[in-house]
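For the numbers below, each heavy atom of this structure counts, side chains included, while hydrogens, waters and symmetry mates do not.
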Amino acid sequence: MSTAGGADDGPERRLVFAFYLTGHGFGHATRAIEVVRHLIAAGHEVHVSTAVPEFVFTAELRSPGLHVRKVLLDCGAVQSDPLTVDPLATLEKYHQTAVVPRESILRTEAEWLRSVKADLVVSDVVPVVCRAAADAGIRSVCIGNFSWDSIYAEYIMAAGSHHRSIVWQIAEDYSNCETLLRLPGYCPMPAFRDVTDVPLVVRGLRKSRSEVRKDLGIAESTKVVIFNFGGQPAGWKLKQEWLPDGWICLVCGASDSQEVPPNFIKLEKDTYTPDVMAASDCMLGKIGYGTASEALAYKLPFVFVRRDYFNEEPFLRNLLEHHQSSIEMIRRDFLAGHWKPYLLRALTLQPSYDGPTNGGQVAARILQDIAVGKKCASDKFNGARRLQDAIVLGYQLQRTPGKDVGIPDWYSLNGTEIGAHPIIENTEKIKTAESCCEDFEILHGDLQGLTDTMAFLKSLSGLTGNELKDSEVQSRERTAASVLFDWEREIYVARAPGRLDVMGGIADYSGSLVLQMPLREACHVAVQRNHPSKQKLWKHVQARQLENTGVVPVVQIVSFGSELSNRAPTFDMDLSDFMDGDKPISYEKAREFFCQDPSQKWAAYVSGTILILMTELGVQFTDSMSILVSSAVPEGKGVSSSASVEVATMSAISAAYGLNITPRDLALLCQKVENHVVGAPCGVMDQMASACGEANKLLAMVCQPAEVKELVMIPSHIRFWGLDSGIRHSVGGGDYGSVRVGTYMGRKMIKCAASDLVSVSSTSDAPAQSDDYKEKGRDVLKSEASMEYLCKLPPHRYEAAYSKDIPETITGGAFLEKYGDHDDMVTVIDPKRSYSVKAPTRHPIYENFRVETFKALLTAANTDEQLSALGELMYQCHYSYNACGLGSDGTERLGNLVQEMQHRKTPENGGPNLYGAKITGGGSGGSVCVIGKNCLQSAEEIAEIQQRYKAATGYLPIVFDGSSPGAGKFGYLKIRRRRP
């Protein structure tokens, strides 16, 4: 450990440094203190501008040369708890903090920098000050292991691209910076023009291990774990039995009111954490730069709990794991107190970091040189490195979640550097069916010529043998998958596609006819069942069983592609967790169970199928289960990624357990997974299309509740495409749910009005009409008063009897007071919220008519008039979505681009090639469906729309083109590893 007191050979004159520090966490502050300490020791003056409390600096560094100025210029990440970031709240807060007052910030900071006569601006890593420094004519330098543009880019993927301009502005601000002093464990940071790598910045020790233990009254032989989750209040109730016998836990950042058991010790707020870390045997906490760098420096085994949307975490984790310094504790085990197996395993680690830790001194010397005009020697591969960073970040933004991404092999570091390793390896492309069957016998089923299924089998074969050992860098998901199956036993494989909503959309839950096309992109699920005593178990599962109940049935799941979003790639649970005595647990308890760990909430879509089968069909699962999920259906695009996962999983489980479930019934069961276990209020069309669809046909289905009317062959002269807007769609989102509530409110209002009209028609005061007409009118009204599905009401009846009395909006409280409940099992009315009613009520009534007309037109003569009419129906649906509040800037832009293509006149052709477009699925982002001629010119115009959309928004839409069979048509594969 280097403890040098200052920057050697500093300049004679006293320099003034303006050091801006993000308010996100104390890790930035602790490393900044080390740099500031060396600058002040060299005789310079440092002005720190930050929202971090002043005592953090003055407790460690007292000098007349240090000035701390409280100012808020960014917001970091908004956390709902120590382990979870709220992406949308973060982007909105940054907008209010740094975007709205931007001009004022730039003016104020430029004036202040001139007033203190700053020689150099240093930023860790506040974006706007780089621009302010340029405005003031002062050079600037950034220091860090990540930048906010790369972090927020992922938040935009989760929260929607309406905040995309924030990322571009941040990158533009960083480009004013002269150089980046890059710390180990860094993320891709392509915004910086020049990069200089510096060693770990680590605080030095003040006391020896024995001195610290003596002060705390802890014997040398006692095992000690330091509990270090930063300063975010958590409210966790710690329990004595969570620690191995004889252990002591030292708790950092505990509140004054927090009570701890006798084997836990609350550390004082001014405790010097590095000394305590060096005196401990392991650390339990979250990964941040401060904890990671000091754990490496002091060779302290680090048991960490994964956090959501902390996108620098995977890179720091790579750094820790490269030096054998860390293991992950699953969040569910952390919250439940199953700590012992992880803490005992931590003691077996042999941390190996022996690199330099004098980054504070090195950084201070470089800053001095830059301040006096010297040119620092930067990485000679900066141009290539910046290109690499841009490519990796681009792949992250453009990726298809769940699909292997071809990040170039050369984005890996040489043997002397540790940083951003490739996130996922390339999968070998499959050319023939024979090549994928070399390793497996297919005992049942048919590949049906599906290249994605061949590729999935090839990826399975890559998990066996020695291929994993030969790879220097292996994704955690594939490492976990390699020990998931017993390759001597049968494995069952199912496949379920996503779907393109051609017509019908959100009218499904109102009983509409819908037309759905199964996509080429699909989800594959492999399932194997084993007796619990023969099941291969991951180490922490083994430890949990030994500690608790012994051998019990478990489910272990691996999801390929999860780590691209920093989601936990694995999930496991005892099947007894689904039992309450001798009965399955309630769906409400299941939702609570899966919400415990947001990084593993995805598992509800997979293991939720098990609970549904237990509850609805009485299936008893006594065997353990291994499940591998690999989906090429991108999330948040409005193409039913969740339905494809549910349908593929339940199909594979049904095959493995010999359950004979029809595709229709399976779809209805999968809808229950989404409604009751996940808690998303979707209709059934997504699951039906995935389960019952056929290639190159539209599934025509009446959602009352799920009756397949027919499979309509797509005429050979017509083609459908999906275009992704880049704005994330979520069925669980507020807009979708509030529109559904408004629709059910409208239905209730119509039923009540019909009941009133029945009463009126029965009185003597009714207008004079023939008895026959009166009787038929009463029958119609009685039918409408008991109407189960809103789509049973024809448009003319709606306009004639009810339209004028449906309000545009109503508050939840006013509705409940007048009508009682809205009679929807999967949504709840918020009394304080105002709901749109008229547009959501009108939409499904007219949409059902539009879909029936669309279906009839598909069989009409092949004319331009046919295509124009079909396109017009899609446009009407599109604008009806907008009226409901389910539009978005992106889907509107795509719709307008299609219209521009349709109506432009060119000498080359006599008419349009594209004829219509509409928002798909639940709306509020996602994709649009486009109809056009099945010709080369149409495909060229789709490509042109892609490029024009990218030019306007910076996002290149994914194109969905092609169809494939549904899960029912595919059936299942039963495979077994060929014996050598």
Visitor: Taking the side chain as C-beta and beyond, is there a heavy-atom pair between Q671 and E646 under 4.5 Å?
Guide: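 Result no, sub-4.5 Å side-chain heavy-atom pair not found.
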Visitor: Taking all heavy atoms of V677 and all of R591, pick out the closest pair and write down the distance.
Guide: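 Closest heavy-atom pair between V677 and R591: O-CG, 2.8 Å.
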Visitor: Do we see a donor-acceptor contact under 3.5 Å between the side chains of S880 and E847?
Guide: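 The criterion, which ignores hydrogens and geometry beyond distance, is not satisfied for E847 and S880.
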Visitor: Surrounding CZ of F621 (heavy atoms of other residues, nucleotides or ligands, distance under 6.0 Å), is the total greater than 12?
Guide: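 More than 12 heavy atoms, drawn from other residues, nucleotides or ligands, come within 6.0 Å of this atom.
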Visitor: For the residue pair R842 and Y846, would you count it as a cation-pi contact if the rule is NZ or CZ under 6.0 angstrom from the ring centre and within 45 degrees of the ring axis?
Guide: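 Yes, R842 lies over the aromatic ring of Y846.
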Visitor: Do the non-hydrogen side-chain atoms of F970 and P497 ever get within less than 4.5 Å of each other?
Guide: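 When only atoms from C-beta onward are counted, P497 and F970 do not touch, as no gap falls below 4.5 Å.
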Visitor: Can you tell me how far the CG atom of L894 sits from the SG atom of C929, to the nearest 0.5 Å?
Guide: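 Here the rounded value is 12.0 Å.
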Visitor: Ignoring hydrogens, what is the shortest heavy-atom contact between Y881 and G505? Give both atom names and the distance.
Guide: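 Nearest pair, atom of Y881 first, then G505: OH-CA, 3.2 Å.
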Visitor: Got T84 and R331 here, is their nearest side-chain heavy-atom distance under 4.5 Å?
Guide: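 The answer is yes; the side chains approach within 4.5 Å.
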Visitor: Is it true that, when you exclude K838 itself, more than 12 heavy atoms of the residues, nucleotides or ligands shown sit nearer than 6.0 Å to its NZ?
Guide: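 Above 12, so yes.
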Visitor: Quick check against the 3.5 Å criterion: does T90 have a side-chain atom that pairs as donor or acceptor with the backbone of D86?
Guide: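 Indeed, once roles are kept as given, a pair shorter than 3.5 Å links the two residues.
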Visitor: Among L699, V712, L698, exactly one meets side chain to side chain contact (heavy atoms under 4.5 Å, CB included) together with M517. Which residue is that?
Guide: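 Among L699, V712, L698, the one meeting side chain to side chain contact (heavy atoms under 4.5 Å, CB included) with M517 is L698.
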Visitor: Is K855 reaching over with its side chain to a backbone N or O of A700, donor-acceptor style, under 3.5 angstrom?
Guide: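 No; judged by distance alone, with no hydrogens or angles, the pair does not exist.
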Visitor: Are the side chains of S644 and E521 in touch, meaning some heavy atoms are under 4.5 Å apart?
Guide: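 The answer is no; the side chains never approach within 4.5 Å.
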Visitor: I need the D665 CG to C670 SG distance, nearest 0.5 Å.
Guide: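 These two atoms lie 11.0 Å from each other.
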Visitor: Hey, does the side chain of S607 reach the backbone of A603 with a donor-acceptor pair shorter than 3.5 angstrom?
Guide: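 Indeed, once roles are kept as given, a pair shorter than 3.5 Å links the two residues.
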Visitor: Using only atom types and a distance under 3.5 Å, with no angle test, would you say the side chain of S803 pairs donor to acceptor with the backbone of Y798?
Guide: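 Here the side-chain-to-backbone pair does not exist.
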Visitor: Is the backbone N or O of V633 less than 3.5 Å from a side-chain atom of S631, with the two atoms forming a donor-acceptor pair by type?
Guide: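 Yes: the side chain of S631 pairs with the backbone of V633.
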Visitor: Should T649 and V673 count as side-chain neighbours, where that means a heavy-atom distance under 4.5 Å?
Guide: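 T649 does not reach V673 side chain to side chain.
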Visitor: Can you tell me how far OG1 of T609 sits from NZ of K672, rounded to the nearest 0.5 angstrom?
Guide: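 One gets 14.5 Å once the value is rounded to the nearest 0.5 Å.
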Visitor: Drop me the distance from L790's CG to K748's NZ, to the nearest 0.5 angstrom.
Guide: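 Taking CG in L790 and NZ in K748, the distance rounds to 13.5 Å.
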Visitor: Using a distance-only test with no angle check, is there a side-chain donor-acceptor pair under 3.5 angstrom linking E784 and Y802?
Guide: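 Yes, a side-chain donor-acceptor pair sits under 3.5 Å.
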Visitor: Using every non-hydrogen atom in the two residues, find where S654 and I661 come nearest and quote the distance to one decimal.
Guide: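 The pair with the smallest heavy-atom distance is OG-CD1, 3.5 Å.
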Visitor: Do D501 and K918 sit within salt-bridge range, that is, some charged N less than 4.0 Å from a carboxylate O?
Guide: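 The answer is yes: the pair qualifies as a salt bridge.
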Visitor: Tell me whether Q704 contacts the main-chain N or O of G511 through its side chain, where contact means a donor paired with an acceptor under 3.5 Å.
Guide: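 At least one qualifying donor-acceptor pair exists.
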Visitor: Which of these passes side chain to side chain contact (heavy atoms under 4.5 Å, CB included) with S690: L519, V645, V647?
Guide: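 Between S690 and the candidates, side chain to side chain contact (heavy atoms under 4.5 Å, CB included) is satisfied uniquely by V647.
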Visitor: Just wondering, do R797 and L781 contact through their side chains at under 4.5 Å, heavy atoms?
Guide: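 They are in side-chain contact.
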Visitor: Of the non-hydrogen atoms in A706 and L668, which two are nearest, and what is the gap between them?
Guide: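 Smallest interatomic distance, heavy atoms only, reads CB-CD2, 3.8 Å.
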Visitor: Does a side chain donor of either T827 or H822 reach within less than 3.5 Å of an acceptor in the other side chain?
Guide: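 Checked: T827/H822 side chains pair up, N/O donor to acceptor below 3.5 Å.
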Visitor: For K832, is there any backbone N or O sitting under 3.5 Å from a side-chain donor or acceptor partner on T811?
Guide: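 No: the side chain of T811 does not pair with the backbone of K832.
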Visitor: Do the ring planes of F571 and W602 sit parallel (below 30°), tilted (30 to 60°) or perpendicular (above 60°)?
Guide: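 Ring orientation of F571 relative to W602: perpendicular.
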Visitor: If you take all heavy atoms of T743 and P844, which pair is closest and at what distance?
Guide: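 Taking every non-hydrogen atom into account, CG2-CG, 4.0 Å.
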Visitor: So, K782 side chain and V758 main chain: donor-acceptor pair closer than 3.5 Å or not?
Guide: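 Not a single qualifying donor-acceptor pair exists.
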Visitor: With a 4.5 Å heavy-atom cut-off, do M787 and R747 have their side chains touching?
Guide: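 Yes; the side chains approach each other to less than 4.5 Å.
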Visitor: Which atoms form the tightest heavy-atom contact between H843 and C877, and what is the distance?
Guide: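 Minimum heavy-atom contact is CE1-O, 4.2 Å.
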Visitor: Side chains of Y835 and D830, heavy atoms from C-beta outward: is any pair under 4.5 Å?
Guide: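 Counting from C-beta outward, Y835 and D830 do come under 4.5 Å.
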Visitor: Please answer whether the main-chain N or O of K637 pairs with a side-chain N or O of S927 as donor and acceptor at a distance below 3.5 Å.
Guide: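 Present.
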Visitor: Nearest 0.5 Å, please: how far is CD in Q620 from CG in D582?
Guide: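 Here the interatomic distance stands at 10.0 Å.
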Visitor: Quick check against the 3.5 Å criterion: does T859 have a side-chain atom that pairs as donor or acceptor with the backbone of A856?
Guide: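 Checked: pair present.
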Visitor: Atom CD1 of I931 and atom CG of L870: how far apart are they, to the nearest 0.5 Å?
Guide: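 Answer rounded to 0.5 Å: 4.5 Å.
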